[in-house]
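Remember, it's a predicted structure, so these values are computed and weren't measured experimentally. Each chain gets a letter, A, B and so on, in the order its sequence line appears, and its residues count up from 1.
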Amino acid sequence: MFHNLEKQVEAAFRERVRARYGIDAEITIEQPKQASFGEIALPVAFQLAKELKQAPRKIAADLLAGAAPIPGIAAMEVAGNGYINVRFDRAAYASSLLAGQTAPLPKQDGKIIVEHTNINPNKAAHIGHLRNAVLGDTFVRMLRALGHPVEVQNYIDNTGVQVADVVAGFHYLGHKTPAEVAELIATPAGDNSRFDYLCWDLYARTSQHYKDNPESLSWRAATLHAIEAGEGELAELAHIVADAIVNAHLATMLRLNIQYDVLPRESEILHLKFWSAAFELLKERKAIYFETEGRNAGCWVMPSSAFRAEGDENEDSKVIVRSNGTVTYVGKDIAYQLWKFGLLGKDFFYRPLLRYTDGHEVWVSVDEPQPRPAPAFGKGAAVYNVIDVRQSYLQDVVVAGLRALGFEREAEKSIHFSYEMVALSPRCCVELGIELSEEDARRPYVEVSGRKGLGVKADDLMDRLVETALNEVASRHPEDNAAAQRAIATEIAMGALRYFLLKFTRNTVIAFDFQEALSFEGETGPYVQYAAVRARNIFRKLEERGESEPEYATELTAEAFSRQLGAGVGHVSPEAAGSAKGHGDAPANPANKDEFWQILLAASKADSAVERAVTAGEPAHVARYAFQLAQSFNNFYHQYPILAESDREKKTFLLWMTRFFADQLERTLAILGIAVPAYM
RNA sequence: GCGCCCGUAGCUCAGUUGGAUAGAGCGUCUGGCUACGAACCAGAAGGUCGGGUGUUCGAAUCACUCCGGGCGCACCA
């Protein structure tokens with residue numbers, strides 16, 4: 001709604017500037033610094049000042065003089081040195097909100113592929129992985145809210161070094177047969193022997209063993225070889241381990257309400273010869289060449305000119321195919337990226353992996369035809385790869401690959417949705433009993449390392465959050481049964497976690513700290529949830545009193561809105577107040593009308609907030625908006641008793657405000673993937 | 001060495017792409033539960049936006065430079 005008016009104002013001024021000055025200017029729209037300045041501010045006069053060689057104030061005045069009225073706009077005035085401030089017709093605005101006149105979402109076409117999570121299936125997920133998944137999932141929800149068809153992919157590197165290391169650990173260090181490992185998965189030995197946790201420790205142990213006994217690195221080579229050949233006990237182990245860990249990851253992420261559409265696996269990239277297809281293409285179009293000299297002799301490489309910025313003096317080219325003929329990770333990634341755009345001329349086969357309780361199915365790639373037809377995966381119009389910023393260099397190489405193949409448009413639509421890492425704060429390390437080297441102790445934070453087993457496991461953190469929330473719930477609602485309390489506590493805990501991971505902008509390093517993450521007060525998920533719960537409570541109480549929600553549409557006429565919100569004109573501008581104090585014949589609206597208006601206005605901006613956040617690629621903007629909205633509501637809630645209001649019209653109005661607020665807040669929370677608990 | 005990111009209140013962070021008097025949360029201090037339950041609200045203190053130079057009507061935001069911190073730059077993924 002807000003957005004509609006914004007666009008109308010923009011169009012009107014663009015036309016006005018063209019008519020008046022013959023200039024086709026970009027009209028920028030701002031939110032005024034102060035609410036009393038109106039709803040929209042236009043600095044257009046400043047932009048034109050130089051070109052026209054006139055004072056901004058004069059230009060602004062000229063633009064307003066004799067301008068046609070804009071529907072929905074009550075007043076426009078020149079302010080400051082040349083700002084044009086625009087005030088909405090409040091009653092008209094509220095009426096259209098009531099009528100639900102949100103712009104029908106233009107059907108967006110072109111499927112957007114978002115790839116996120118991508119955890120190596122060799123150990124339990126940690127907080128760094130959570131940031132990836134929550135960021136990715138929230139971005140998906142944002143895109144879907146704007147009407148985009150989205151496909152969520154979670155790439156599984158089930159044939160890589162990390163899986164091999166755990167397999168080697170089981171085989172060589174633990175002397176376990178595939179049957180024994182399968183048994184471990186099926187029937188864990190005790191409380192602390194979840195398979196993914198067990199692998200977490202084994203991975204760290206194996207890595208340490210390699211470090212202490214470099215000669216045993218031959219285990220890794222042997223395992224990788226076996227996996228690639230797809231034969232023998234080691235290969236079997238790899239499948240068992242990776243499949244079990246993938247299931248564990250899916251379960252972990254489901255706790256946060258994160259789902260996927262398809263899991264493309266590296267094993268199928270290999271078996272279905274995706275790479276050979278890409279290799280032929282790369283050779284044919286001369287995107288890579290065979291190096292005959294230097295240290296990369298015998299390799300197929302991509303020249304540095306393809307992916308380095310101009311002026312970058314680092315001229316190392318990137319190896320795509322090793323001298324022993326095997327393909328590097330980047331090579332496989334280029335093939336995968338080509339497939340995502342439907343440019344490879346090949347596709348996976350798929351089988352359903354699991355069905356979520358809501359009926360949605362996740363599919364996984366397989367290497368042979370299947371009886372059940374699968375949805376059409378891949379062939380995206382745009383691709384977002386949610387990967388941390390440390391992989392920027394490799395992502396650049398992948399995009400350069402597309403470009404070198406002549407897929408300019410697809411290269412343009414390949415977006416590295418990067419984010420900074422989650423590290424551990426010094427205090428967090430102390431709490432975890434991690435001994436830091438002197439060097440690390442001086443750092444502002446310590447990097448998480450799966451190889452060292454250094455990190456906070458995702459499920460441990462979630463468990464702790466649930467327990468903390470449960471304490472609160474149990475003390476506030478001792479009357480409810482334990483199971484219900486836990487269900488509520490879980491929703492609160494997950495809301496807290498998602499919000500915590502989302503409130504930082506993408507390129508901020510999160511120095512993880514338990515105290516901050518476990519907080520339920522202030523700028524947190526539970527704060528926002530609480531506002532939504534309070535709004536719902538009002539309607540519950542209303543019902544308990546035997547009253548029903550009014551017929552807003554019939555009771556709240558434009559005149560009623562006008563009485564409750566004020567007109568939107570008649571503000572005393574700061575300078576008018578200064579120069580003509582006491583002479584103003586149009587008194588300002590009473591404070592509470594302005595306040596209602598500000599709250600309503602803020603609540604109506606949910607769509608704009610999401611749109612802005614998508615454009616900026618910044619889910620944190622939506623999180624922040626939700627928090628601000630909750631803040632306004634809490635303030636409103638505290639200041640104006642609603643059910644006790646004696647004036648009929650005002651009560652109806654306040655109830656409608658609450659309803660509108662609740663709807664907008666809940667919609668925004670849904671986009672953040674945060675539930676609204678039944679009580680708090 | 002080269003490239004990218006960061007430096008804003010005691011702490012953790014925003015700052016709508018160059019706009020009006022720089023904003024939140026936490027922490028500290030003060031006040032508010034017999035209202036729709038205080039996981040809340042109101043108020044106060046707290047800033048040379050790392051330093052400098054420049055660009056222009058206008059800079060936390062852009063350019064250059066210096067200082068401090070982080071991350072990349074594998075025939076690992």
_Taking the C1' atom in each of B:G50 and B:G69, what is the distance between them to the nearest angstrom?_
11 Å
*Please determine, for the side chain of A:Tyr445, which listed nucleotide (B:C36, B:C75, B:G70) has the closest atom?*
B:G70
_Side-chain heavy atoms of A:Ile269 within contact of A:Pro264, under 4.5 Å_ = no
_Donor-acceptor pair present, A:Gln34 side chain and B:U21 base, under 3.5 Å_ = yes
_Spacing of the C1' atoms in B:C71 and B:A38 (rounded, Å)_ = 44 Å
*Pick base, sugar-phosphate or nothing for A:Ala41, based on heavy-atom distances below 4.0 Å to the nucleic acid.*
base
*asked:* Does A:Tyr640 reach a base, just sugar-phosphate, or nothing at all? Heavy atoms under 4.0 Å.
replied: base
*asked:* Does A:Asn634 contact B:A38 through a side-chain donor or acceptor facing the base, at a distance under 3.5 Å?
replied: no
_Contact residues, residues 417-424 of chain A to RNA chain B [heavy atom, < 4.0 Å]_ = A:Met421
*Between B:C5 atom C1' and A:His416 atom NE2, what is the distance in whole Å?*
13 Å
_Any base atoms under 4.0 Å from A:Ala297, or only sugar-phosphate, or nothing? Heavy atoms, all strands._
base
*asked:* Would you measure the distance from the P atom in B:G10 across to the matching atom in B:U28 and give it in whole Å?
replied: 16 Å
*For A:Arg498, check salt bridge (Lys or Arg N to Asp or Glu O under 4.0 Å) against everything at least two apart and list the hits.*
A:Asp137
*Between B:G68 and B:C29, how far is it from one C1' atom to the other, in whole Å?*
34 Å
*Scan A:Asp388 against the nucleic acid and name what it touches under 4.0 Å (heavy atoms): base, sugar-phosphate only, or nothing.*
nothing
*Syn or anti for B:U17, please, going by whether the chi angle lies within 90° of 0.*
syn
Pairs under 3.5 angstrom, nitrogen or oxygen only, protein versus nucleotides 13-15 of chain B, please.
| from | atom 1 | to | atom 2 | distance (Å) |
| --- | --- | --- | --- | --- |
| B:C13 | OP1 | A:Val509 | O | 3.3 |
| B:A14 | OP1 | A:Thr505 | N | 2.9 |
| B:A14 | OP1 | A:Thr505 | OG1 | 2.1 |
| B:A14 | OP1 | A:Thr508 | OG1 | 2.4 |
| B:A14 | O2' | A:Arg624 | NE | 2.9 |

*asked:* Rounding to an integer number of Å, can you tell me how far A:Tyr527 OH sits from B:A38 P?
replied: 12 Å
_Give me each pair satisfying ring pair (Phe, Tyr, Trp, His ring centres under 6.0 Å) with a member in residues 515-545 of chain A, each pair once, sequence neighbours excluded._
A:Tyr527-A:Phe627
*Which whole-number value in Å describes the distance from A:Arg442 CZ to B:G70 P?*
11 Å
*ring-ring contact (aromatic ring centres under 6.0 Å, His included) partners of A:Trp275, counting only residues at least two apart*: A:Phe279
*What integer distance in Å separates A:Glu543:CD from B:C36:C1'?*
14 Å
*Taking the P atom of each, how far is B:A74 from B:C67, in whole Å?*
26 Å
_Within the 4.0 Å heavy-atom criterion, would you say A:Phe539 contacts the bases, only the backbone, or no part of the nucleic acid?_
nothing
*Determine the contact category for A:Gln162: base if any of its heavy atoms lies under 4.0 Å from a base atom, sugar-phosphate if only primed atoms, P, OP1 or OP2 are that close, otherwise nothing.*
nothing
*Using the C1' atoms only, state how far B:A45 lies from B:U30, rounded to an integer number of Å.*
11 Å
_Test salt bridge (Lys or Arg N to Asp or Glu O under 4.0 Å) applied to A:Arg295 - qualifying residues, sequence neighbours left out_ = A:Asp316
*How close or far is atom P of B:C33 from atom CZ of A:Arg534, stated in whole angstroms?*
15 Å
_Sequence-distant partners of A:Glu6, salt bridge (Lys or Arg N to Asp or Glu O under 4.0 Å), two or more places apart_ = none
Report, one line per pair, each donor and acceptor closer than 3.5 Å where one atom sits in a side chain of residues 416-426 of chain A; sequence neighbours left out.
| from | atom 1 | to | atom 2 | distance (Å) |
| --- | --- | --- | --- | --- |
| A:His416 | NE2 | A:Ile387 | O | 2.9 |
| A:Tyr419 | OH | A:Asn132 | ND2 | 3.0 |
| A:Ser425 | OG | A:Cys428 | N | 3.1 |
| A:Ser425 | OG | A:Phe512 | O | 2.9 |
| A:Ser425 | OG | A:Asp513 | OD2 | 3.4 |

*Using a cut-off of 4.0 Å on non-hydrogen atoms, how would the nucleic acid contact of A:Gln515 be classed: base, sugar-phosphate, or nothing?*
nothing
_Quick check on contacts: within residues 391-400 of chain A, what sits under 4.0 Å from RNA chain B by heavy-atom distance?_
A:Tyr393, A:Leu394
*If a pair satisfies side-chain hydrogen bond (donor to acceptor under 3.5 Å, both in side chains) and one of its residues is in residues 296-306 of chain A, list it, with sequence neighbours excluded.*
none
*At under 4.0 Å between heavy atoms, what does A:Ile320 touch on the DNA or RNA strands: base, sugar-phosphate, or nothing?*
nothing
*Base-contact (B) and sugar-phosphate-only (S) positions in nucleotides 42-47 of chain B, heavy-atom cut-off under 4.0 Å, - elsewhere*: S-----
*Contacts of type salt bridge (Lys or Arg N to Asp or Glu O under 4.0 Å), residue A:Lys58, not counting sequence neighbours*: A:Asp62
*When you measure from the side chain of A:Gln485 to the backbone N and O of A:Leu470, does any donor-acceptor pair fall under 3.5 Å?*
no
